[in-house]
Amino acid sequence: MTAQPVLSVCDLTVELRGEHGARNIISDVGFELYPRQILGIIGPNGAGKTVLSRALVNWIDPPLRIAKGVVAYKSRNILDLPAGKLRRMRREIAYVGANPMGALDPTLPVGNQIVEKVRALVPDMDAGEARKRVIELLGAVHIPSPAARFHEYPSQFSGGMMQRALIVDALATNPAFLVADNVTQPLDVTVAAQVMRLVRELTERFDTAVVFVSSSLPTVSEAADQMLVLSEGRIVERQTPQALVEKPQHPYTVQLISEIPQIWTKSAPVIESREHAGGPLISIEEATRTYRVRKRGTFASFSDVRAVRNVTFDVHPGENFGIVGESGCGKSTLMRLLSRLESPDSGRVICNGMDIARLSGKELLKFRRDFQLVLQDPFNSLPPRTPIGAIIEGPLKVHGIGGADRRRERVLAVMDEVGLAAALFDELPLGLSAGQRQRVNVARAMVLEPKVLIMDETLSALDQTEQFKLLKLFSDLQARHGLTYIFISHDMAMVRRVCSRIAVMYLGEVVEIADNGKLFFDPGHPYTKALLSAIPTLEERRYRPEECLLEGEPPSPIDLPPGCSFASRCPKAFDRCRRESPVLTADGDRGMAACFLVENKGTDLAA
């Protein structure tokens, strides 16, 4: 490039100081970032990506310390700037992290918080001008009704909208460069695809250069101009995205590409749905769940949030059943109904012939032993001051199983089975990686020898290398114990790899149920095609994003439109869709879809 770089990084080294000395987290990193360029940095969990991201904006706190190096912006090393000058420079340097829901004060409106930041960095800007600027940017990042959303609180924003609001927070002062640290990892595939398109659009519209950090090579390769591969704190390879994918040089890059799930290629896994001689293990029949929420600014007025609407399906013994959909579609509420954490307002959840809402006492305790959950957050789901052995032993105590010696023996056995060293029994979980923490969660669930494991976004916080290892563990456990898995996820690539049947949810309804092959190669519902078009992949796409990808947010579950709830976002909607609600209709012999297009296809075939 002939232009002058926006940012020059040379020999950057960050070390962690402890009782036993210092060790490098980042070692001798160097690169240049140019105007309007998107520089992608990829690497596994623990490679040092977040530490590098924070070092680029001089945001390193003890016990971390920048040992040496230069981060030059406008020919000045920002690592040497005094606090006052660095604060003034913050208007030109922006950072967006991976935790959108925890980044803003939940007690203040989103717009007011961004205005406050803008005025702190640009004191000459009055409140009215700052408010106008923020509303303009909320519209630029495709948040619907930006003037109204300006006054809403973080709890009223979806994860995707919060991530876009944080991008507004970063861009409000027209920064010269933006560091985006794993911003798509917590998002579902359609929102992540929108954010990636938005990042590219913003570089062109605002002349902003971007350092985009991620553990997903397919995600970064779609937008980046140049790629760096980070492993154990060092840059081991740098190439253009195309060259990196076609001719990787470093063994880690080769391994990284080999672990990317195959979706539509001939080498993609073939997950066949088996015939089941007996009845289903779990049946959910016309289940609904509605929450009453108080209207803002009132004491006695309420709205109904229809989280789950008339859901029906079966899960068979030994099956891997997937439930997918965007954030807010009702997946986690459905999980709470399946696990008896809540009961449906109407309809039933049947397990082994019993309505689980009617269980109590010993019957309910037996059900809890057979049905176990492994949740999403590997950090907040483990008590930080309890030894790992005691965490895993907890369920055995609750159910009154065995004495102390027998419980310890059982805990050590299950730790070995999930790949945890016996030496960790008396250790605290503080030093464990995200992958090891999820193994502790799996061990805690497996210690009771359950029949069903419900995985609610269990792998979403992990990079693809850790996902690969845990999926192999899940397969081994299923082979040994005959487990039934229910995977609740927004990761379509993971679901493609492991699930034999998949239900697709939208606004509380199941809009399609199909076998793995049918869903990925011949989906019946336009919403399913939109999800498939947004999967980050290095393959040639079967469904083109420009034809299928959705814009904007789903309608509110408080005020559902008449007719098909997907009609307002569907590229193929017609008049009937806006008047009538479709029901699940057979789409061939391996699937069902709630779409009038499927009904019309069946009518055409019959004719």
Side-chain angles (χ1 to χ4, degrees), residues 270-276 279-288 306 308-317 319-326 329-331 334-335 337-338 344 346-350 484-490 492 495-496 498-533 542-543 548 554 563-567 569-574 576-577 580-607:
V270 179
I271 311 294
E272 297 290 348
S273 183
R274 296 175 297 173
E275 295 293 330
H276 299 276
L281 177 62
I282 306 164
S283 292
I284 185 164
E285 302 174 352
E286 294 292 324
T288 65
R306 301 171 64 189
V308 171
R309 300 187 288 150
N310 303 315
V311 169
T312 298
F313 58 78
D314 296 331
V315 180
H316 297 277
E319 185 174 29
N320 289 353
F321 188 84
I323 302 172
V324 300
E326 291 175 290
C329 71
K331 302 188 301 294
L334 182 58
M335 173 275 293
L337 300 183
L338 289 170
S346 62
R348 301 189 301 169
V349 180
I350 306 297
T484 300
Y485 288 124
I486 300 176
F487 287 93
I488 298 172
S489 181
H490 63 249
M492 297 293 289
V495 168
R496 167 70 168 133
V498 298
C499 293
S500 54
R501 283 194 309 135
I502 301 151
V504 181
M505 288 191 72
Y506 183 79
L507 271 181
E509 292 182 305
V510 171
V511 297
E512 183 159 9
I513 301 179
D515 291 355
N516 187 305
K518 171 74 171 69
L519 190 92
F520 280 86
F521 284 89
D522 185 26
H525 201 283
Y527 177 61
T528 308
K529 292 180 180 178
L531 294 179
L532 296 177
S533 74
R542 189 175 180 89
Y543 305 98
C548 303
C564 175
S565 55
F566 186 61
R569 303 173 81 195
C570 181
K572 297 185 177 180
F574 49 95
R576 186 184 178 192
C577 302
E580 303 176 31
S581 296
V583 297
L584 284 171
T585 302
D587 184 19
D589 58 355
R590 295 187 301 149
M592 304 176 73
C595 182
F596 294 127
L597 296 173
V598 171
E599 288 186 15
N600 294 342
K601 183 168 66 174
T603 303
D604 294 342
L605 289 173

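What you are looking at is a predicted structure, and each value in this text was computed from that prediction instead of being measured.
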Determine the minimum heavy-atom distance between P523 and L532, stating which atoms define it. CG-CD1, 3.9 Å

Closest approach of I284 to L338 (non-hydrogen atoms, all atoms of both residues): CD1-CD2, 4.4 Å

So does E286 get a backbone contact from the side chain of T288, meaning a donor-acceptor N/O pair under 3.5 Å? no

For residues P526 and C595, report the shortest heavy-atom separation together with the two atoms involved. CD-SG, 3.8 Å

Please evaluate residues S565 and R309 with respect to the criterion side-chain contact (heavy atoms from CB on, under 4.5 Å), reporting the C-alpha separation (whole Å), side-chain torsions for both, the decisive distance (0.1 Å), and the verdict. CA-CA 11 Å; S565 55; R309 300 187 288 150; 3.4 Å; yes

Heavy-atom closest contact (E319 atom, T484 atom, distance): O-CG2, 3.4 Å

Determine the minimum heavy-atom distance between R569 and Y506, stating which atoms define it. CD-OH, 3.1 Å

Between D314 and S283, which heavy-atom pair has the shortest distance, and what is it? OD1-OG, 2.8 Å

Verdict with supporting geometry, I513 and R501, side-chain contact (heavy atoms from CB on, under 4.5 Å): CA-CA 7 Å; I513 301 179; R501 283 194 309 135; 4.0 Å; yes

Does any N or O in the side chain of K331 come within less than 3.5 Å of the main-chain N or O of M505, such that one atom is a donor and the other an acceptor? no

Quick one: do I350 and E285 satisfy side-chain contact (heavy atoms from CB on, under 4.5 Å)? Show the steps, please. CA-CA 8 Å; I350 306 297; E285 302 174 352; 4.1 Å; yes

Does the side chain of S500 come under 3.5 Å of the side chain of N516 through a donor N or O and an acceptor N or O? no

Between T312 and V510, is there a side-chain heavy-atom distance shorter than 4.5 Å? no

Taken to the nearest 0.5 Å, the spacing of I323 CD1 from I502 CD1 works out to 11.0 Å

Heavy-atom check, side chain of L281 versus side chain of F321, under 4.5 Å: no

With side-chain contact (heavy atoms from CB on, under 4.5 Å) as the test, would you mind laying out the steps for L334 and I488 before giving the verdict? CA-CA 9 Å; L334 182 58; I488 298 172; 5.9 Å; no

Using a 4.5 Å cut-off on heavy atoms from C-beta on, say whether the side chain of I282 contacts that of I486. yes

Can you confirm whether M492 sits close enough to F520 that some side-chain heavy atom of one is under 4.5 Å from a side-chain heavy atom of the other? yes

Reported CG-to-CZ distance for the pair D515 and R590, which is rounded to 0.5 angstrom: 5.5 Å

Output for pair (L507 CG, R306 CZ), nearest 0.5 Å, gives 10.0 Å

From C499 atom SG to Y485 atom OH, the distance as rounded to the nearest 0.5 Å: 11.5 Å

Between H525 and the options D587, L597, V511, the side chain to side chain contact (heavy atoms under 4.5 Å, CB included) test singles out V511

Would you say Y527 and E512 are linked by a side-chain donor-acceptor pair, where the criterion is simply a distance under 3.5 Å? no

